[in-house]
Protein chains: 2
Amino acid sequence: MQHSPQAGHHPTPTLTRDSIVDAAIQIVEQEGPDALTLRRLGAQLGTNHTAVLRHFSNKDHIVRALAERLMVEALSDFAPGNDWRQTLISLAHQVRSACLRHPAVAVLAAVRVSRSPAEFQGADTVIAALSEAGLRDRDAALVYRAITDLALAAGAFSASVLTLDEDARQGDRDAMGREYLLASPQTYPHLAAVAPFLADIDDDEQFAMAIDLIVAGVAAKAATLASS
Amino acid sequence: MQHSPQAGHHPTPTLTRDSIVDAAIQIVEQEGPDALTLRRLGAQLGTNHTAVLRHFSNKDHIVRALAERLMVEALSDFAPGNDWRQTLISLAHQVRSACLRHPAVAVLAAVRVSRSPAEFQGADTVIAALSEAGLRDRDAALVYRAITDLALAAGAFSASVLTLDEDARQGDRDAMGREYLLASPQTYPHLAAVAPFLADIDDDEQFAMAIDLIVAGVAAKAATLASS
DNA sequence: ACCTGAACACCGTTCAAGT
DNA sequence: ACCTGAACACCGTTCAAGT
């Protein structure tokens with residue numbers, strides 16, 4: 001009689017890696033990144049708090065699994081645009097949306113995402129867009145890594161604001177709106193000139209501009225390299 | 001008899017906010033962000049672990065003080081370049097250098113830096129550079145916020161790699177070098193074409209390219225807005 | 001094979017007490 | 001005014017024991 005996972009009297013183990021990740025996401029979303037503890041996770045799953053260590057060797061491995069989920073979700077329902085600019089822009093916004101949907105997960109996991117080949121499909125799409133823009137080989141590889149990390153960093157950064165508590169957030173908003181207005185026009189003329197506008201910019205607009213600048217930069221870089 | 005800080009028999013308190021921040025930086029740099037605990041801090045300072053709470057109301061306030069230090073150091077010995085491009089590029093590298101000198105501090109504190117007016121001088125320099133590039137008023141304010149957060153996010157991201165332990169870092173390096181090579185040329189043709197180059201790019205080069213793209217993007221944006 | 005429960009060595013924060 | 005020391009309610013991880 002062979003010993004297989006299906007055989008014997010263990011038809012459905014209580015926990016699976018997927019059910020643990022599901023529970024972890026739920027906790028982190030509802031209660032913030034600090035709420036993700038093994039004991040809280042055990043409570044959510046209705047098991048002893050050490051049971052999850054049968055499936056992940058430590059807490060860090062759980063965080064990495066969250067990172068993978070985030071990327072899969074970001075790139076799941078994606079279709080390339082009509083040209084390479086549209087493709088890059090919509091990919092970037094898709095990544096940010098996933099980060100904003102799970103801000104605490106993004107803050108916890110963004111660094112781990114960028115350092116491992118998360119999604120071949122997403123990478124291929126970006127590199128295809130760069131090829132269309134005129135970048136090949138090593139240039140394409142370099143620009144790919146640069147813009148991927150920029151977009152991910154910007155997305156996580158944008159999301160991280162949502163993880164601050166309401167007091168800290170209001171404090172930061174006030175600081176932007178008020179403190180910059182105190183800058184002396186004599187000592188800091190350029191800053192004083194734009195100070196009234198600084199508080200007036202929301203995160204959506206700022207992110208859109210960041211992606212705009214990067215895409216414009218890619219076009220300029222491709223033109224430079226093509227003519228050299 | 002008036003009661004003044006100088007009078008009486010309390011000439012030099014054991015702790016000051018500065019000495020606490022000094023000790024915190026030393027701990028975080030030598031032992032990583034997780035090593036920053038009140039007990040470790042108390043040991044470093046030769047006091048009870050609760051003594052620092054006389055000077056900072058909680059641990060989060062200590063982290064914010066670290067963020068301020070980081071920014072001050074990043075912008076302290078800075079001189080504007082010959083043109084606006086050089087100015088922006090060298091500012092960005094200065095921020096990254098500070099992040100790399102204190103990687104764990106950067107990871108801990110970057111988000112808090114970007115949301116508060118840390119340095120009027122730095123802000124004025126950047127906005128002056130944008131003005132030279134041709135951006136004014138609300139456009140300048142929007143681009144200022146976008147590129148500041150991008151540079152800071154990129155710097156913190158870059159630094160965050162240094163906070164991973166050697167095993168995780170080697171694992172990530174291997175993944176880049178090896179796993180991408182496994183991408184099927186049929187299914188992912190563009191990715192497969194550049195895969196050999198992906199492992200060959202170091203963090204310095206990648207950061208330099210990111211800043212290059214942003215600066216090129218600023219130039220392109222300024223040209224677009226000027227002609228409209 | 002998978003989960004439990006006790007144990008261990010830690011956390012941040014509060015608060016009465018000392019000097 | 002500043003620091004101590006005990007206490008409280010938590011952590012992640014290990015490991016023998018159960019089923």
Side-chain angles (χ1 to χ4, degrees), chain A residues 1-21 23-24 27-28 31-66 104 108-109 112 163-165 167-168, chain B residues 1-21 23-24 27-28 31-66 104 108-109 112 163-165 167-168:
Chain A
M1 192 79 177
Q2 288 293 324
H3 206 84
S4 86
Q6 286 81 20
H9 51 295
H10 302 291
T12 44
T14 324
L15 301 177
T16 65
R17 289 174 66 97
D18 271 342
S19 72
I20 291 171
V21 172
I27 292 168
V28 167
E31 301 166 36
D34 291 345
L36 185 62
T37 70
L38 296 186
R39 282 170 177 79
R40 181 74 190 78
L41 203 43
Q44 186 85 5
L45 292 160
T47 67
N48 183 273
H49 72 279
T50 63
V52 302
L53 296 177
R54 294 278 126 200
H55 303 268
F56 293 96
S57 53
N58 59 37
K59 194 184 169 184
D60 188 57
H61 283 72
I62 300 176
V63 173
R64 294 171 76 148
L66 292 184
L108 217 54
R112 310 312 290 271
T163 67
L164 299 174
D165 55 55
D167 281 0
Chain B
M1 195 76 176
Q2 288 292 327
H3 207 85
S4 86
Q6 288 78 20
H9 50 296
H10 301 293
T12 44
T14 323
L15 300 177
T16 66
R17 289 174 65 98
D18 272 342
S19 72
I20 292 170
V21 172
I27 292 167
V28 168
E31 301 166 36
D34 291 346
L36 186 62
T37 70
L38 296 187
R39 282 169 177 79
R40 181 75 190 75
L41 205 42
Q44 186 86 5
L45 292 160
T47 66
N48 183 272
H49 73 279
T50 64
V52 303
L53 295 176
R54 294 278 127 200
H55 303 268
F56 293 95
S57 53
N58 59 38
K59 194 185 170 184
D60 187 58
H61 282 72
I62 300 176
V63 172
R64 293 171 76 150
L66 291 183
L108 217 53
R112 309 312 290 269
T163 67
L164 299 174
D165 56 55
D167 281 0

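Proteins get letters first, then strands, A, B, ... in listed order; numbering begins at 1 in each. Because the structure is predicted, anything quoted here is derived from the model rather than measured.
- Within 4.0 Å of Leu15(B), counting heavy atoms only, lie sugar-phosphate atoms of the nucleic acid but no base atom.
- Of the two residues contacting DNA chain C, namely Arg54(A) and Arg39(A), the nearest-nucleotide position lying further toward the 5' end is that of Arg54(A).
- Listed by first residue number, the stems of DNA chain C with at least three Watson-Crick or G-U pairs below 3.5 Å are C:4-8 with D:12-16, C:12-16 with D:4-8.
- When rounded to the nearest whole Å, the span between CG of Leu38(A) and P of dC10(D) equals 16 Å.
- Rounded to whole Å, atom P of dG18(C) lies 15 Å from atom CG of Asn48(B).
- The nearest whole Å value for the distance from the CG atom in Asp60(B) to the P atom in dC11(C) is 18 Å.
- The backbone N or O of Leu53(B) lies less than 3.5 Å from no partner atom in the side chain of Lys59(B), so there is not a single donor-acceptor pair.
- Rounding to whole angstrom units, CG of residue Asp34(B) and C1' of dC11(D) are separated by 12 Å.
- Atom NE2 in His55(B) sits roughly 10 Å away from atom P in dT4(D) (whole-Å rounding).
- In this structure, Arg40(B) places its CZ atom 24 Å from P of dC11(D), rounding to the nearest Å.
- No donor-acceptor contact under 3.5 Å links the side chain of Thr50(B) to the base of dG12(C).
- Counting only heavy atoms from C-beta on, Thr37(B) has its side chain closest to dG12(C) among dC3(C), dG12(C), dG12(D).
- Residue Thr47(B) is tested with Thr14(B), Ile20(B), Leu41(B) for a side chain to side chain contact (heavy atoms under 4.5 Å, CB included); the sole match is Thr14(B).
- Checking side-chain atoms of Asp60(A) against main-chain N and O of Val63(A) turns up no donor-acceptor pair under 3.5 Å.
- In this structure, Ile20(A) places its CD1 atom 11 Å from P of dC2(C), rounding to the nearest Å.
- Of the two residues contacting DNA chain C, namely Leu53(B) and Ala51(A), the nearest-nucleotide position lying further toward the 5' end is that of Ala51(A).
- The backbone N or O of His55(A) lies less than 3.5 Å from a partner atom in the side chain of Arg17(A), making a donor-acceptor pair.
- The distance between atom CG of Asn58(B) and atom P of dC15(C), rounded to the nearest whole Å, is 14 Å.
- At the phosphate of dC3(D), neither OP1 nor OP2 sits under 4.0 Å from any side-chain N or O atom of Thr47(B).
- Of the two residues contacting DNA chain D, namely Gly46(B) and His49(B), the nearest-nucleotide position lying further toward the 5' end is that of Gly46(B).
- Atoms CD and CZ, on Glu31(B) and Arg40(B) in that order, are 4.0 Å from each other to the nearest 0.5 Å.
- No donor-acceptor contact under 3.5 angstrom links the side chains of Thr16(B) and Asp18(B), judged on distance only.
- Contact of the Ile27(A) side chain with the Thr37(A) side chain is not registered, since no non-hydrogen atoms from C-beta on lie closer than 4.5 Å.
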